[in-house]
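Just so we're on the same page: letters track the sequence lines, and every chain starts at 1.
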Amino acid sequence: MTGLLRPSAVGRSPVRVDGPAKVTGRAPYAYEQPVREPAYVHPVQATIARGRVTAIHTGAALALDGVLTVLTPENAPHLERGIDPELEILQSPDVAFRGQLVGAVVAETPEVARQAAGLVRIEYERAEHDCVFSADRTDLYRPEVVNPSLPTDTSDGDVGTALRDAERTVVATYTTAMTHNNPMEPHTTVAVWDDDGLTLYDSTQGVHAMRESVAPVLGLDPGVVRVVAPYVGGGFGSKGTAHAHLVLAALAAKRTAGRPVKLALTRQQMFSLVGYRTPTVQRVGLGADPDGRLTALSVDVVEQTARIKEFAEQTGVPARKVYAAPNRRTTHRLAALDVPVPSWMRAPGECPGMFGPEVAMDELAQACDIDPVELRIRNEPETDPETGLPFSSRDLVGCLREGADRFGWRRRDPRPRARLEDGWWVGTGVASSTYPVHASPGTTATVRISPDGRYEVLIGAVDIGTGAWTALTQIAADALGVPAEDVHLHIGDTDLPEAPVAGGSSGTTNWGSAIVAAARSFREKYGPDAGPGDEHTASTAENPFAQRYAMRAFGAQFAEVRVHADTGEIRVPRLLGVFAAGRIVNPRTARSQLTGGMTMGLSMALHEESVFDDRFGFVVNHDLAEYHIATCADVRSVEAYWRDEHDPYVNPMGTKGIGEIGIVGTAAAIANAAHHATGARVRDLPMTPDKFCE
Amino acid sequence: MIPFDYRRAGDAETAVAAVAGNPGAAFLGGGTNLVDHMKLGVAEPDLLVDVTRLPFDSVDPLPGGGLRIGAGVRNSDLAADERVRTRYPVLAEALLSGASGQLRNLATTGGNLLQRTRCGYFQDVTTPCNKRRPGEGCSAREGYHRYHAILGASPHCVAVHPSDLAVALTALDAVVRVRGPRDGHGERAIPAAELHRLPGEHPEWDTVLGHGDLITAVDLPPLPMAARSRYRKVRDRASYAFALVSVAAAVELTGDVIGDVRIALGGVAHKPWRATLAEAALRGRPPDRAEFRAAAEAELADAQPLRDNRFKVPMARNTIVSVLAGLTGEEPR
């Protein structure tokens with residue numbers, strides 16, 4: 001590696017490049033893309049959890065003024081089969097989960113499409129469905145791998161014996177709830193067929209990823225599919241993979257004789273069509289000596305997947321990476337149910353997987369009578385516990401110490417249920433955070449000089465609200481050695497060089513690395529005196545250090561919790577996180593990512609739960625009045641800090657990714673603080689008032 | 001949503017006649033609940049009669065010291081009314097604990113009282129619900145019923161009424177003024193505590209109002225003890241959530257004992273629940289936590305919680321204790 005980029009624009013906090021357009025309403029999101037004479041499509045969803053459609057009556061819908069067509073399994077255009085069952089919609093009468101697409105109405109207005117969808121009458125042959133998630137099921141199975149392609153089980157030493165022989169043990173079961181991503185902007189697509197092929201204006205985290213998913217299902221060469229996404233209102237993973245509605249928009253637009261078709265899912269529809277986080281059951285075992293040094297660590301995870309398509313959340317994975325212990329085991333088992341397809345939700349694996357073990361560490365600290373910060377420091381591994389590789393950089397201990405200082409941890413009375421203020425029990429807690437460094441070699445970028453002398457930087461990246469527009473401009477400026485004002489960035493279009501999704505906290509890593517590669521080779525080729533028309537494209541290579549170092553970001557989160565002594569209401573007046581995540585490109589947007597992650601972690605800890613009624617197979621509380629996300633009133637002081645971390649191995653910018661680590665560990669810190677406040681150990685999320693009301 | 005006609009009423013008489021004469025018609029206030037229901041298919045009116053321009057948009061003094069609240073007064077305006085804030089703080093607190101600022105700016109006094117349950121099955125037309133379609137069965141009884149009733153439910157319905165305002169009005173002995181198709185040019189008065197009903201055999205009826213009955217005003221009696229009143233709402237998040245349980249209360253101390261007390265509970269029944277047993281148990285008793293608790297337990301003795309809402313019984317008990325302790329100057333524990 002030729003050394004880290006010398007920062008000039010990087011490390012500063014310019015205002016968002018896209019800010020003025022967004023706050024003045026001039027940034028077109030997918031649904032707002034101006035197209036000529038659009039028609040509108042509204043889905044019809046199955047109201048049974050398993051079975052098949054035996055008849056579909058479309059007469060009333062078709063009779064409605066303004067209805068153009070009704071798509072059904074009987075008449076829908078053909079799709080290629082055997083590629084992705086989630087995307088192969090309307091190809092058979094079979095129903096695999098409630099809410100699955102069984103039809104759609106295309107009409108002149110969204111109102112008429114919606115009204116007509118309500119007039120489509122469907123007859124079913126019901127089959128017995130099974131949506132009951134339980135760790136006690138006898139048909140749990142072991143997936144081949146867990147997301148994205150990690151070992152399902154790991155084992156070192158002999159955990160059973162070590163736990164039995166340990167002088168201090170914690171063995172307990174922890175659960176996290178089914179949760180839904182719920183980005184502010186619903187999933188929307190505008191599909192346009194013309195002589196050149198298909199254009200999809202889509203609210204997505206990855207334009208090329210959508211093209212790669214949807215083109216083969218439509219039987220198209222990816223080259224004739226264009227996906228455009230200049231602005232996206234959040235995704236949290238739910239827009240990282242293609243979902244059924246994207247195909248539906250394309251199918252509907254096949255039946256409109258060239259008219260574009262617009263589709264916007266309702267909030268309720270999002271609860272069955274765009275993924276969610278599986279509920280998890282985590283059986284955690286910790287064994288330690290009286291000084292708190294771990295001798296055994298096990299995490300056995302049970303979670304659910306959809307019968308039609310497997311997604312195995314890697315919940316046990318972080319426990320392989322954080323603490324040293326000679327005897328270790330992680331396992332994952334799945335229940336395949338008649339449920340909607342689970343998928344990525346902010347920090348899949350790490351987020352739920354740092355709940356159980358990090359609460360267990362708090363319980364172990366109590367069992368050993370050791371401060372929970374000190375306990376974590378004592379178990380700091382010298383190398384990656386799973387692979388034995390050295391870490392490219394790792395500063396969990398620094399995060400814990402700095403966080404403890406900033407938070408005022410030393411003044412803490414360790415006794416639980418010891419502080420009562422104005423009728424509220426008060427406590428504090430800590431937990432560790434971690435998130436891997438992901439990289440996708442082959443990410444491509446182009447640098448060229450436009451006729452007006454500006455540097456144009458082209459890459460098929462997507463800014464889902466994170467600040468990529470701004471951060472990539474800064475990186476490009478430094479890589480080219482020019483002021484940021486001289487850089488004109490183009491992103492969000494498959495016509496631009498190929499780039500991976502905004503996911504896995506890897507956007508800046510992948511896209512930035514490609515921009516640096518293109519800029520450096522552009523300079524090598526043209527020197528400092530490049531002129532209009534000069535252009536160069538480059539791709540990222542495999543990182544040679546990836547095989548020699550373990551690469552992860554770490555952090556420590558501290559929480560203050562108040563629990564009302566009479567009612568059990570729980571509040572979090574203070575969250576403080578310190579992170580070691582490599583170099584920070586833009587402190588303004590980075591802080592927003594980290595505090596946003598922590599806020600979502602608070603929401604997961606106290607509020608979020610998709611209440612699944614397994615009799616019907618649906619989420620009962622499927623709107624934002626009933627599915628609770630933390631409100632402003634729930635979020636008081638949230639502070640995020642970071643350590644200066646110099647890591648020459650991860651990538652030319654020295655970045656590790658910050659989009660997800662903020663949500664990792666928050667819920668455990670809050671649960672640990674709630675225990676410190678009340679003496680009640682809550683091991684099941686969300687921590688609602690009933691769990692503290694006695 | 002299906003197409004519908006919209007008419008703006010110029011006066012109450014026309015409005016009542018327009019709705020009464022059409023079984024598919026409904027009054028439109030702020031629309032914060034009705035329009036939601038129209039999108040969801042829960043309500044399918046073919047005519048909306050907008051009553052927000054009727055002259056029911058002020059809060060006026062009543063002879064004798066009470067206040068008349070026009071049915072069209074927006075929740076935000078009512079909560080901000082100085083007379084309400086000083087003389088009936090329980091009412092202002094109840095309003096401000098409901099919904100969000102934007103919704104309160106739109107929602108009217110009359111519409112707030114007539115909002116319908118938030119039961120998830122009621123709001124999803126693909127599941128059975130006796131309130132939506134009598135005779136279909138109740139999905140909540142064996143399903144998701146964390147928010148549901150612990151008092152006064154029936155085998156047909158376990159829903160709760162979601163209004164905070166109604167709970168405060170019940171504690172205050174407010175009177176709802178109604179003009180209906182059979183009332184001629186006059187109005188009839190219904191005590192707030194009797195406006196809503198228990199589900200019994202007819203969960204489809206939320207209130208005692210008939211089709212075409214229009215709420216025109218709510219009268220608050222002069223109630224000096226209400227100056228010392230409070231609304232406490234316990235919920236799953238700090239804002240924008242419906243009550244798990246709520247307590248509206250006012251206390252008057254006479255010497256060392258409780259002279260008079262008003263308590264109403266929200267989130268526990270199909271209607272705001274006036275805690276008459278607790279009130280009776282407290283009159284003449286010293287204001288201490290043990291007395292409050294005994295009174296609360298007396299009120300909740302007949303509670304019949306469901307599988308997953310047993311917590312509401314201790315939560316309601318503790319909240320009653322907490323509110324009464326606060327009102328009588330008892331230290332928080």
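- Annotation: B/Arg133, atom CZ; neighbour count of heavy atoms from other residues, nucleotides and ligands within 6.0 Å does not exceed 12.
- Between chain B and the options A/Asp623, A/Thr47, A/Val611, heavy-atom pairs under 4.5 Å are most frequent for A/Val611.
- The two residues B/Asn318 and A/Cys693 make their nearest non-hydrogen contact at ND2-SG, 3.9 Å.
- Among all heavy-atom pairs drawn from B/Arg118 and A/Glu626, the shortest one is NE-OE2, 3.1 Å.
- One distance of note links CG of B/Leu40 with CD of A/Gln268; it measures 5.5 Å at 0.5 Å rounding.
- Taking a 6.0 Å sphere around CD of B/Gln304, one finds it holds 12 or fewer heavy atoms contributed by other residues, nucleotides or ligands.
- Between chain A and the residues B/Ser100, B/Ala316, B/Ser322, the largest count of heavy-atom pairs under 4.5 Å involves B/Ser322.
- Among B/Cys119, B/Ser239, B/Gly120, B/Ala99, the residue making the largest number of heavy-atom pairs under 4.5 Å with chain A is B/Ser239.
- With sequence neighbours left out, A/Phe618 forms a ring pair (Phe, Tyr, Trp, His ring centres under 6.0 Å) with A/Phe616, A/His622.
- Atom OG1 of A/Thr688 and atom CG of B/Asp236 lie 5.5 Å apart (nearest 0.5 Å).
- Heavy atoms closer than 4.5 Å to chain B are found in the side chain of A/His607, but not in its backbone.
- For A/Glu123, the CD atom sits in a packed shell: over 12 heavy atoms of surrounding residues, nucleotides or ligands are nearer than 6.0 Å.
- Contacts with chain A were tallied for B/Val245, B/Val125, B/Thr127, B/Val321; B/Thr127 has the most, counting heavy-atom pairs under 4.5 Å.
- Residue contact with chain B, scored on non-hydrogen atoms closer than 4.5 Å, is absent for A/Leu602.
- Interatomic distance, A/Asp613 CG to B/Asp124 CG, rounded to the nearest 0.5 Å: 10.5 Å.
- Put simply, of B/Arg235, B/Arg146, B/Arg317, the one with the most heavy-atom pairs under 4.5 Å next to chain A is B/Arg146.
- Residues satisfying the ring pair (Phe, Tyr, Trp, His ring centres under 6.0 Å) criterion with B/Tyr240, sequence neighbours excluded, are absent altogether.
- When heavy atoms are compared at a cutoff of 4.5 Å, B/Gln123 approaches chain A solely by way of its side chain, counted from C-beta outward.
- With 3.5 Å as the limit, one finds a donor-acceptor pair spanning the side chains of B/Thr126 and A/Arg98.
- For A/Thr567, the parts sitting under 4.5 Å from any heavy atom of chain B are the backbone and the side chain alike.
- The structure places CG of A/Asp566 at 4.5 Å from CZ of B/Arg289, a figure rounded to the nearest 0.5 Å.
- By the 4.5 Å heavy-atom criterion applied to side chains, B/Pro3 and A/Glu111 are not counted as neighbours.
- One distance of note links CZ of B/Phe311 with CD of A/Glu694; it measures 15.0 Å at 0.5 Å rounding.
- A/Glu608 contributes atom CD, which lies 9.5 Å from atom CZ of B/Arg237 (distance to the nearest 0.5 angstrom).
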